[in-house]
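Everything on this sheet refers to the single structure shown next.
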Amino acid sequence: SVVFEMLVDSYRKMGLLAEAVDVFLTIKYVEFVPTLLFCNMLLRDLLKANKMELFWKVFDRMSDMELTFDVYTYSNVINAYAKAGNVDEVKKVLLEMGENGCAPNVVTYNMVIHNLCRAGHLDEAVEMKRSMIEQGLVPDNYTYSTLVNGYCMERRLEDAKLVLSEMFDAGLKLDGVACNSLMDGFIKQGNVEEAFKIKNKMVSHFVQMDLVVQNTLLNGVCKAGMMEKAREIVTEMIETDTKPDSRTYNLLIEGYYRKHDMVRAFQMLDEMKKRSLAPTIYTYSAIINGLYLSRNFGQARAAFGEMIKQGLEPN
RNA sequence: AAACGUAUGUUCAUGCU
């Protein structure tokens, strides 16, 4: 069995998943049961690589073996159904695992709650939080942040705020991810001011301003045309050693082109390249839109050509 | 033998609405 696992492992690590699965499936004719961890890692790789047919083949074979699945196994199954957008099956996994003697934990519930939120079933998601408490589990930062984000996606910002206070009342410290979801929610409603109020709250609670938060705020000010404020944010990022990424520059480029300032937009593109950040399809989209807006169709076409040359696929 | 090793939340572009 050691040789067997080494063989499958080698294939896995070389990214030859089809081969790994082939070997795995020969188990039927061999007289041993592989370890659960080993199977779980194979499932995880198949999920990551989007090889869903292989995933289910392996899972079916696992079901035929003398294995008792653990929470990791079921997490993989949940992710598999989630990938297919099948929320009903996701919920069923929760019941099934209970029947099979594997009690769902906080992570399992969080995954289900996340998928309910994604499907827009917020009431069910909240209900799910209630039942996890009934099971003696304690909702954590992920649980609350997921719900905050769920409400934000539905534009129910007041409800989102309530969850945030609930989290705080539960004794959890102010969570940067939850705050970011809320800020993003307000920004998408055009309410930059409210977003900055949340930022100030973060500062007063000593919550780290990370790259994601700064990009969120930058998105707000750039969309609002507040480019002086945008420069301030970037300066603050550099001072606090939060390295801008390609999204940061994409947002700046977008902000400037919306103001018909292609000179500064191109300056941002240069600065981005100087920091050895590769332009993405978003970068080129912004540049092309800007050039189109200023009626530079030739340059727009040239930018498109350059994008192709960089090996970026137009979508 | 033990330990280690596998699962969960947030940010960017175009058009139509």
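As the structure is a computational prediction, the values presented were derived from the model and not from experiment. Protein chains get the first letters and strands the later ones, always in sequence-line order, with residue 1 at the start of each.
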Inset, instruction - Please examine the side chains of A/Leu94 and A/Lys92, heavy atoms only from C-beta on, and report whether any two atoms are closer than 4.5 Å. - result: no
Inset, instruction - Tell me what A/Asn315 touches on the nucleic acid: a base, only sugar-phosphate, or nothing, going by heavy atoms under 4.0 Å. - result: base
Under 3.5 Å, which N/O atoms of the protein pair with N/O atoms of nucleotides 7-10 of chain B?
| unit_1 | atom_1 | unit_2 | atom_2 | d |
| --- | --- | --- | --- | --- |
| B/rA7 | N1 | A/Asn105 | ND2 | 3.1 |
| B/rA7 | N3 | A/Ser75 | OG | 2.6 |
| B/rU8 | O2 | A/Asn110 | ND2 | 2.8 |
| B/rG9 | O4' | A/Thr146 | OG1 | 3.4 |
| B/rG9 | N2 | A/Asn141 | O | 3.4 |
| B/rG9 | N2 | A/Ser145 | OG | 2.1 |
| B/rG9 | N2 | A/Asp175 | OD1 | 2.5 |
| B/rG9 | N2 | A/Asp175 | OD2 | 3.1 |
| B/rG9 | N3 | A/Ser145 | OG | 3.3 |
| B/rU10 | O2' | A/Asn180 | ND2 | 2.5 |
| B/rU10 | O2 | A/Asn180 | ND2 | 3.2 |

Only pairs under 3.5 Å count here: list side-chain donor-acceptor contacts from residues 305-315 of chain A, not counting sequence neighbours, and write none if there are none.
| unit_1 | atom_1 | unit_2 | atom_2 | d |
| --- | --- | --- | --- | --- |
| A/Glu306 | OE2 | A/Tyr284 | OH | 3.0 |

Inset, instruction - Please check if the side chain of A/Asn296 supplies one atom and the backbone of A/Gln299 the other of a donor-acceptor pair under 3.5 Å. - result: no
Inset, instruction - Strictly below 4.0 Å, heavy-atom distances to any atom of RNA chain B: list the hits from residues 217-227 of chain A, or just say none. - result: A/Asn219, A/Lys223
Legend entry - Any residue meeting side-chain hydrogen bond (donor to acceptor under 3.5 Å, both in side chains) with A/Asp210, in chain and number order, not counting sequence neighbours: none
Inset, instruction - Look only at the side chain of A/Asn115 and the backbone of A/Met111, and say whether a donor-acceptor pair between them is shorter than 3.5 Å. - result: yes
Legend entry - Main-chain N/O of A/Thr35 paired with A/Glu5 side-chain donor or acceptor, under 3.5 Å: yes
Inset, instruction - Look at the side chain of A/Asn289 and the backbone N and O of A/Ser285, then say whether any donor-acceptor pair between them is shorter than 3.5 Å. - result: yes
Inset, instruction - Can you tell me which residue pairs pass the ring-ring contact (aromatic ring centres under 6.0 Å, His included) test with a partner in residues 157-215 of chain A, sequence neighbours excluded? - result: A/Phe168-A/His205
Inset, instruction - For A/Lys91 and A/Val112, indicate whether the former's side chain and the latter's backbone hold a donor-acceptor pair under 3.5 Å. - result: no
Per-pair distances, 0.1 Å, donor-acceptor, side chain in residues 127-141 of chain A, under 3.5 Å, sequence neighbours excluded:
| unit_1 | atom_1 | unit_2 | atom_2 | d |
| --- | --- | --- | --- | --- |
| A/Glu127 | OE1 | A/Arg130 | NH1 | 2.8 |
| A/Lys129 | NZ | A/Glu166 | OE2 | 2.4 |
| A/Ser131 | OG | A/Met128 | O | 3.1 |
| A/Asp140 | OD1 | A/Asn110 | ND2 | 3.1 |
| A/Asp140 | OD1 | A/Tyr142 | N | 3.1 |
| A/Asp140 | OD1 | A/Thr143 | N | 3.0 |
| A/Asp140 | OD1 | A/Thr143 | OG1 | 2.9 |
| A/Asn141 | ND2 | A/Asp175 | OD2 | 2.6 |

Legend entry - Of residues 281-312 of chain A, the positions that come close to RNA chain B - non-hydrogen atoms, cut-off under 4.0 Å: A/Tyr282, A/Ser285, A/Asn289
Inset, instruction - Measure the NZ-OG distance between A/Lys201 and A/Ser204 for me, rounded to the nearest 0.5 Å. - result: 8.0 Å
Legend entry - For RNA chain B, the dot-bracket pattern of Watson-Crick and G-U pairs whose distances stay under 3.5 Å, | for other-strand partners: .................
Provide a list of protein-nucleic acid N or O atom pairs under 3.5 angstrom, restricted to nucleotides 3-5 of chain B.
none

Legend entry - Test item: A/Met202 and A/Gln208 side chains (from C-beta on) under 4.5 Å apart, heavy atoms: no
Inset, instruction - Determine, step by step, whether A/Glu194 and A/Lys161 satisfy the salt bridge (charged side-chain N to carboxylate O under 4.0 Å, His left out) criterion, reporting the C-alpha distance in whole Å, the side-chain angles of both residues, the deciding distance to 0.1 Å, and the verdict. - result: CA-CA 12 Å; A/Glu194 192 67 28; A/Lys161 272 183 153 176; 3.2 Å; yes
Legend entry - Residue pair A/Lys223 / A/Asn219, side-chain donor-acceptor N/O under 3.5 Å: yes
Legend entry - Distance-only polar pair, side chains of A/Thr73 and A/Asn76, donor-acceptor under 3.5 Å: no
Inset, instruction - Residues of residues 187-195 of chain A with any non-hydrogen atom less than 4.0 angstrom from an atom of RNA chain B: list those, numerically ordered, please. - result: A/Lys188
Legend entry - Near-strand residues of residues 250-262 of chain A, defined as heavy-atom separation under 4.0 angstrom from RNA chain B: A/Asn250, A/Leu251, A/Glu254, A/Tyr257, A/Arg258
Inset, instruction - Fit a plane to each ring of A/Phe59 and A/Trp56, take the angle between them on a 0 to 90° scale, and name the class: parallel (under 30°), tilted (30 to 60°) or perpendicular (over 60°). - result: perpendicular
Inset, instruction - Measure the CD1-CE distance between A/Ile78 and A/Met97 for me, rounded to the nearest 0.5 Å. - result: 6.5 Å
Atom pairs and distances, donor-acceptor, side-chain atoms in residues 260-270 of chain A, under 3.5 Å, two or more places apart:
| unit_1 | atom_1 | unit_2 | atom_2 | d |
| --- | --- | --- | --- | --- |
| A/Asp261 | OD1 | A/Val263 | N | 3.4 |
| A/Asp261 | OD1 | A/Arg264 | N | 3.0 |
| A/Asp261 | OD2 | A/Arg264 | NH1 | 2.7 |

